[in-house]
Amino acid sequence: MSYVFAPPAVVAVPVVGGGEFPVHRIYCVGRNYADHAVEMGYSGREPPFFFLKPADAIVAVAAGETGAIDYPTLTRNLHHEIELVVAIGKGGRHIAAADAPDHIFGYAVGLDMTRRDLQNEMKKQGRPWCIGKAFEQSAPIGPVLPIAGGGERVRGGIRLEVNGQTRQQGDLAELIWNVNETIEQLSAAWTLQPGDLIYTGTPAGVAAVVPGDLMVGSIDGLGSLRVAVRPAAV
């Protein structure tokens, strides 16, 4: 086949133990911790809702390394959101929660970076807020740990430090919609594919970062993710 320009390279995330996980789609769950929902002005166990990020939002950071993102354009209020990421290895539609673990390849630590000022302005206008969420370098992620090597992730500490100071702290057991329930709901709306990533939501404490800041996120049993914020690209 003759392309009119070179197609982009496959976006992939390192896998613990070897290999690369090729990314298909990135799904994100909104307001999936009660304390974060409250800080955003909401409460209760509302039905889950989802938004998507493009594959080039991924910034894959190898174990033991420090990744970097450029401070994005148009914003003056870039927020961090630390999240458990679920990597799908077996696709399907209308997947029952009880069967969801069979579709999970593994888990990783991820950051959902958000241009909060742009997102809030779109909310006020009743418009889609893709501009606040779905931009390049907005989804840093650490290596994927296969479920076969560590089992399901239903509880465990999740935290984020910025320049050595704790900003976010919670437990995976506090997810409003747990991983299996999320997969059931998500697969009712989309046919999940191998290579899909699901960012499962963030605990309270989201706040702004600026160029020069170092974010260190971690989840018990999954290691840490280190990401520096660089000045805006020229």
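Heads up: numbering here begins at 1 and tracks the sequence.
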Item to check | salt bridge (Lys or Arg N to Asp or Glu O under 4.0 Å) between E81 and R116, worked out | outcome: CA-CA 11 Å; E81 298 188 12; R116 189 72 71 198; 2.7 Å; yes

Next on the checklist: With side-chain contact (heavy atoms from CB on, under 4.5 Å) as the criterion, how do V23 and L197 come out once you've worked through the C-alpha distance, each side chain's angles and the decisive distance to 0.1 Å?
Outcome noted: CA-CA 7 Å; V23 177; L197 295 174; 3.9 Å; yes

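Here R93 pairs with nothing under the salt bridge (charged side-chain N to carboxylate O under 4.0 Å, His left out) rule; sequence neighbours left out. Applying the salt bridge (charged side-chain N to carboxylate O under 4.0 Å, His left out) rule to D70 yields the partners R230; only residues at least two apart in sequence or on another chain are considered. Residues meeting the side-chain contact (heavy atoms from CB on, under 4.5 Å) test with A12, sequence neighbours left out: E20. Scored by the side-chain contact (heavy atoms from CB on, under 4.5 Å) test, F49 finds R31, E46, W129 as partners (sequence neighbours excluded). D220 is linked by a salt bridge (charged side-chain N to carboxylate O under 4.0 Å, His left out) to R159, counting only residues two or more places apart in sequence or in another chain. When the salt bridge (charged side-chain N to carboxylate O under 4.0 Å, His left out) test is applied to D196, no partner is found at least two apart in sequence or on another chain.
In this structure, I82 CD1 and E161 CD are separated by 11.0 Å, a value rounded to the nearest 0.5 Å. Annotation: the span from E174 atom CD to R155 atom CZ amounts to 12.0 Å, rounded to 0.5 Å. To the nearest 0.5 Å, the span separating CD on Q119 from CZ on F51 amounts to 7.5 Å.
With ring centers used as reference points, Y199 lies 6.0 Å or more from Y27.
Using a 4.0 Å cut-off between a side-chain N of Lys or Arg and a carboxylate O of Asp or Glu, K90 and D102 do not qualify as a salt bridge.
Side-chain N/O atoms of E181 and Q185 include no donor and acceptor closer than 3.5 Å.
Cation-pi geometry between K53 and F135 is met: the NZ or CZ atom falls under 6.0 Å from the ring centre, inside 45° of the normal.
When all heavy atoms of Q169 and P203 are compared, the closest pair comes out as O-CB, 4.2 Å.
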